[in-house]
There are 2 protein chains.
Amino acid sequence: MIELKQLRYLLAAADAGSFSRAARLLNIKQATLSRQIGHIEKRLGMPLFDRSLRGAKLTKNGEFYIRSVERLVTEFDELNSWVRATCCGMTGHLTVGFHTSFSAGNLRATVTEFGDKHPDVKMRGVERERKRLLGGLENRTLDLAVMAGEIFYAGLRARPFWSERILVALPEQHDLAERERITWPDLAGEHFLLGGVDKLVTVGFRACSLAS
Amino acid sequence: MIELKQLRYLLAAADAGSFSRAARLLNIKQATLSRQIGHIEKRLGMPLFDRSLRGAKLTKNGEFYIRSVERLVTEFDELNSWVRATCCGMTGHLTVGFHTSFSAGNLRATVTEFGDKHPDVKMRGVERERKRLLGGLENRTLDLAVMAGEIFYAGLRARPFWSERILVALPEQHDLAERERITWPDLAGEHFLLGGVDKLVTVGFRACSLAS
DNA sequence: TGCTGTTACGATTAGCGTAAGAATG
DNA sequence: CATTCTTACGCTAATCGTAACAGCA
C-alpha cells in the first residue's frame, strides 16, 4: 500500500527536481527516497520520473498524478493543524478564508474591530486561492470567505463587502502609463506579479466588479 | 506521523461503531486497531471516540475529523485506480462523471452510441454526488459531468442535454396520489429514497428545471 | 573526479499478534 | 462471565543507512 510518507517523498522529489537534493532537504538518504519512489511506481505500474544525469523530472503521468497528490496531502495537513489548533470545542470559532492579502488595510481593520467587539469568538484566518476558498466553504472547513470579484457557485451566497481602488504599477514607457484611469479590459493580455498564493496570471476573460 | 493505513483503520472503526467488529472486518487483531487509533488520537491531542462497553462511538470532534478524512481517502483511492487503469497514455481518454444513475435509459444509450462511433476514444464513467462532480471538473479529474438541475459555478459552462419525465411513487393514501401531475414545489418537505450515492434528502429549496 | 540514480546487505525500528488486565452490566 | 477496550511482551517485517555500483560531464 502507498503511504503518506512516500507521497511526501514524491512531492519533495518533484519539487526539487532531483532525488539527491530532495533527500538532503528531507534529511534522509538519497537511496531511501529512490527506493520509496520506486515502490510507488511499481505499485502504480508506471514510471513517474524521467531519470537523467541532471536529476529526475516528472513524466506526463507523473505530473498528472502529483497534481492531485499535492492537493490531497496539503488538505490533510491543513485538516490536522486546524483540528489540533481548535482542540477541544469546535464551537465559538470562526474560520475565515481570504483571497486578498490579509494585511491589506481595509480588511485587517474590519477584522480586528470585530475581534475587539466579540472577544469570546476566536477567529482564525487563512489565505488561499480562490477556488480553494470555495471548496473550503463547501466542505465546511471555512465559515466565511472574503474574495474579490463575482461569485456564482451553487449553494453559496455572496454579499458585496466594500469596493476598493486598485493601483497599477507600470514601466514609464508603457502605453497605459499616461492614462489617468485604467479599466480591466485595458489590461487584457498583460502579465501581473502577485503574491505567493496565486500564480502569474493573464487577465482577459471577465471584468472584475470592484474596479473603482 | 499519521499514515494512510491508520486512517483506514479509523474509518473502519467509525463505520462499524466498534473496534472489535471493525478489526474482524479488516482481518486484523482488535488490539492492533485500538493501538493505531490511539496513535492518531495522541497525535491530534484529543479523543476521537467515546469508548463504552457496547463499542466506540465518534465524539463531536471525531465526526468532524472523519468527514474530511473519508473524503480524502476515497479521493486518493479513486485517483490510484484511475491512474492505474489508464496506465500508459493519458490522451485519448474521456472521464465522464454522472449524477443520475448511469444505467438509466437515455444516458446509457447516448454514451454507448458515442462509444460505437468513436472506438478510438476510451471512456470511463464514474458516479458521484453533485458537488463531487463539480470538484472533479475543477481539478481536472473529470472531463465532463452529466447532472440534473441548474449549474452556477465559476469557470464552468453547462448545456441542457435532454429533459426527462420523472415518476413519483406514493402510498395510495397520500394527498398527492390522485394528482395527474406533480411539480417540485408540491414535494417540498417530503422524504425520498435514492441510490447509495446520495443520502436521504428533503427537497424544499429550489425547483429543478427538468421536471417535464 | 564529481555529479546523477540504482542496488545489495546488515541494523534499526515500527507494527503485528498473543495474551493478560481492567471495567461494566 | 461475556463483552468491551487497553496494555505489555516478543517476534516479524518493512524501512533505513551504509556502501558498492553504473553512467555521464
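All of these numbers come straight from a predicted model, not from anything done at the bench. Residue numbering restarts at 1 for every chain, and letters A, B, ... go by the order of the sequence lines.
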Undergrad: Rounded off to whole Å, could you give me the CG-to-P distance for the B:L48 and D:dT6 pair?
TA: 12 Å
Undergrad: Taking all atoms of both residues into account, what is the closest heavy-atom pair of A:R84 and B:L44, and its distance?
TA: CG-O, 3.4 Å
Undergrad: Consider the side chain of B:I28, meaning its heavy atoms from C-beta on, and name the nucleotide among D:dC5, C:dG17, D:dA19 that approaches it most closely.
TA: C:dG17
Undergrad: If the condition is side chain to side chain contact (heavy atoms under 4.5 Å, CB included), which residues does B:R8 pass it with, not counting sequence neighbours?
TA: A:M1, B:L4, B:V73, B:F76, B:D77
Undergrad: Could you tell me which non-hydrogen atom of B:Q30 sits nearest to which non-hydrogen atom of B:S20, and how far apart they are?
TA: CG-CA, 3.6 Å
Undergrad: Does the pair A:V69 and A:Y65 meet the rule for a side-chain contact (heavy atoms from CB on, under 4.5 Å), with working shown?
TA: CA-CA 6 Å; A:V69 166; A:Y65 187 66; 3.6 Å; yes
Undergrad: Identify the two heavy atoms, one from A:P47 and one from A:T59, that lie closest to each other, and give their separation to 0.1 Å.
TA: O-OG1, 3.3 Å
Undergrad: In whole Å, I'd like the distance from the NZ atom of B:K42 to the C1' atom of D:dT6.
TA: 13 Å
Undergrad: Got a salt bridge between B:R71 and B:E75, using NZ or NE/NH1/NH2 to carboxylate O under 4.0 Å?
TA: yes
Undergrad: Once you round it to whole Å, what is the distance between P of D:dC11 and NZ of B:K29?
TA: 19 Å
Undergrad: Measure the distance from CD on A:E41 to C1' on C:dT6 and round it to the nearest whole Å.
TA: 12 Å
Undergrad: Distance check: side-chain N/O of A:S34 vs OP1/OP2 of C:dT6, anything under 4.0 Å?
TA: yes
Undergrad: Give, ordered by number, those residues of residues 6-27 of chain B having at least one heavy-atom distance below 4.0 Å to an atom of DNA chain C; if nothing qualifies, reply none.
TA: B:Y9
Undergrad: Hey, does A:G38 reach any base, or is it just sugar-phosphate, or nothing, if we go heavy atoms under 4.0 Å?
TA: nothing
Undergrad: I'd like a table of atom pairs between the protein and nucleotides 22-25 of chain D - only N or O on both sides, under 3.5 Å - with the distance next to each one.
TA:
none

Undergrad: What contact category does A:Q30 fall into here, base, sugar-phosphate, or nothing, at under 4.0 angstrom with non-hydrogen atoms?
TA: base
Undergrad: With respect to the side chain of A:A31, which nucleotide from C:dT18, D:dT15, C:dT7 is positioned closest?
TA: C:dT7
Undergrad: Name the one of A:I40, A:L58, A:I2, A:D15 that satisfies side chain to side chain contact (heavy atoms under 4.5 Å, CB included) with A:L10?
TA: A:I40
Undergrad: Taking only N/O atoms, report every protein-nucleotides 9-14 of chain C pair under 3.5 Å with atom names and distance.
TA:
none

Undergrad: Treating B:E3 as the side-chain partner and A:K5 as the backbone partner, does any N or O pair qualify as donor plus acceptor under 3.5 Å?
TA: yes
Undergrad: Quick one: which of D:dT15, D:dT18, D:dT7 gets closest to the side chain of A:K5?
TA: D:dT15
Undergrad: Atom CD1 of A:I40 to atom C1' of C:dG5: distance rounded to whole Å?
TA: 16 Å
Undergrad: Ring pair (Phe, Tyr, Trp, His ring centres under 6.0 Å): which pairs involve residues 3-44 of chain A, sequence neighbours left out?
TA: A:F19-A:F49
Undergrad: To the side chain of B:T32, which of C:dG15, C:dG17, D:dG17 is closest?
TA: C:dG17
Undergrad: Quick check for you: to the nearest 0.5 Å, what is the distance between A:K57 atom NZ and A:D50 atom CG?
TA: 8.5 Å
Undergrad: Looking at residues at least two apart in the chain, or sitting in another chain, which of them share a side chain to side chain donor-acceptor pair (under 3.5 Å) with A:R51?
TA: A:E41
Undergrad: Please determine if a side-chain N or O atom of B:R51 lies less than 4.0 Å away from the OP1 or OP2 oxygen of D:dT4.
TA: no
Undergrad: What's the CD-C1' distance between A:Q36 and C:dT7, to the nearest Å?
TA: 14 Å
Undergrad: Tell me: CZ of B:F49 to P of D:dT4, nearest whole Å?
TA: 15 Å
Undergrad: Would you please test A:Q36 and A:L33 for side-chain contact (heavy atoms from CB on, under 4.5 Å) and show each step?
TA: CA-CA 5 Å; A:Q36 294 301 341; A:L33 193 143; over 6 Å; no
Undergrad: Without decimals, in angstroms, what is the distance between A:H39 NE2 and C:dT6 C1'?
TA: 12 Å
